[in-house]
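Structure, as structure tokens:
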Amino acid sequence: MTRALLARAGLLLAGTVTAILATAAPALAHGADAPNGTDYRAEVTAVTPARPELRVRLVEAGARLELTNTGREPVEVIGYSGEPYLRIGPDGVFENIRSPATYLNRTIAGETVLPAEVDPAAAPQWRRVDDGPTARWHDQRALWRESGPPAQVRAAPDREHRVRDWVVPLRATEGPVEIRGTLDWVPPPTGTPGGWWSRSARSRWARPACCRRPRPPAGGRWPDSAGCWPPAGWRPCCSPSGGCWTPGPRGSAECWPGC
């Protein structure tokens with residue numbers, strides 16, 4: 001009898017935790033792809049003018065912007081052609097199906113073919129994608145998307161460089177707002193065999209390296225860890241910033257790009 005009650009309580013607790021996690025997840029405005037290791041570092045530096053109800057950060061090691069609006073009025077994210085792209089507010093997250101950014105931001109490469117109905121000059125047609133006040137999206141303005149590094153990096157790849165300052169415009173009821181940030185080239189630490197990770201494996205996207213995981217249990221697999229956050233028992237290695245992870249005492253510190 002006691003075992004049956006404990007089993008029921010365990011199932012109830014598991015269901016409750018699952019429900020909480022499901023409702024707490026922010027809207028992923030398009031796709032769940034992630035970049036590999038890189039030497040680029042993106043940062044959010046300011047929201048101007050300051051708006052305390054708007055919280056902005058880069059997640060997934062710079063792969064996406066995350067915007068939370070706790071205010072009473074929605075705010076719009078402006079797309080690449082000056083059109084409304086996302087609307088985020090107390091009623092949820094909406095995407096404009098006429099905006100090119102709705103489709104270009106589905107992947108980090110931005111190579112999605114645009115459907116015929118796309119027209120940035122047309123009146124927006126909003127489609128709800130989430131009930132919460134938080135959205136995450138790839139934004140080409142905060143990424144380095146060229147196949148090769150910038151000229152200043154090619155000239156001195158062992159030095160840190162400011163690649164550019166970037167701006168993502170917003171539109172609020174009170175007027176225009178800007179998310180401002182920076183994109184820097186950060187060379188790998190010196191004296192590390194093979195560099196921070198294998199140079200041949202580097203990607204152009206903003207994401208740290210991770211370490212190779214151990215083999216999963218027989219017949220199973222390790223759960224994905226968004227943003228390279230370490231599962232329980234894992235410890236940092238390789239990267240001075242803690243972006244690289246390896247198993248606990250029994251594992252090795254073999255660096256590997258991506259998660």
Side-chain angles (χ1 to χ4, degrees), residues 24-32 34-35 38 40-96 99-106 108 110 120 124 126-145 150 160-186 205-208 226-229 241-243:
L28 285 176
H30 326 310
T38 183
Y40 294 98
R41 179 184 64 208
E43 295 180 338
V44 174
T45 58
V47 174
T48 58
R51 299 287 298 271
E53 73 274 17
L54 300 181
R55 299 197 303 269
V56 184
R57 62 173 182 161
L58 282 157
V59 297
E60 299 175 16
R64 297 179 194 271
L65 272 170
E66 178 185 278
L67 171 61
T68 299
N69 179 13
T70 60
R72 297 181 178 180
E73 299 294 333
V75 64
E76 294 179 355
V77 180
I78 305 303
Y80 305 126
S81 300
E83 81 286 0
Y85 157 47
L86 293 174
R87 192 177 74 199
I88 307 164
D91 295 331
V93 178
F94 297 78
E95 62 182 8
N96 175 16
S99 167
T102 293
Y103 308 94
L104 294 174
N105 291 351
R106 290 192 188 280
I108 198 169
W126 297 109
R127 175 174 60 194
R128 186 194 297 268
V129 296
D130 195 80
D131 294 332
T134 299
R136 290 178 177 175
W137 71 97
H138 296 306
D139 201 298
Q140 298 176 7
R141 291 162 287 205
L143 296 168
W144 180 255
R145 301 178 60 253
E160 185 168 332
H161 297 276
R162 172 61 46 83
V163 176
R164 65 166 174 260
D165 298 313
W166 52 265
V167 174
V168 174
L170 309 176
R171 183 181 297 137
T173 304
E174 296 82 0
V177 181
E178 291 182 340
I179 303 172
R180 295 182 181 180
T182 58
L183 182 65
D184 294 316
W185 164 270
V186 182
W205 310 120
R207 190 165 179 90
C228 290
W229 295 112
S241 65

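The first residue of the sequence shown is numbered 1, and numbering continues consecutively from there.
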Closest heavy-atom pair and its distance - Pro90, Pro74: CD-N, 4.2 Å
For Thr182 against Asp184, the heavy-atom pair lying closest together: OG1-OD2, 4.0 Å
Approximate separation, where rounding is to 0.5 Å, of Leu86 CG and Trp126 CH2: 7.0 Å
Over all atoms of both residues, closest heavy-atom pair of Asn105 and Tyr80: OD1-OH, 2.6 Å
Electrostatic pair Arg87:Glu76 at N-O distance under 4.0 angstrom: no
Under 3.5 Å side-chain donor-acceptor pair for Glu95 and Thr102: no
Chi angles and distances behind the side-chain contact (heavy atoms from CB on, under 4.5 Å) call for Val44, Leu65: CA-CA 9 Å; Val44 174; Leu65 272 170; 3.9 Å; yes
Partners passing side chain to side chain contact (heavy atoms under 4.5 Å, CB included) against Pro150 (at least two apart in sequence or in another chain): Tyr40, Trp144, Gln152, Val153, Val163
Any Leu54 side-chain heavy atom under 4.5 Å of Leu170 side chain: yes
Presence of salt bridge, Arg41 and Glu43, under 4.0 angstrom: yes
Residues in side chain to side chain contact (heavy atoms under 4.5 Å, CB included) contact with Asp131, at least two apart in sequence or another chain: Arg128
Side chains of Arg141 and Val167 in contact at under 4.5 Å (non-hydrogen atoms): no
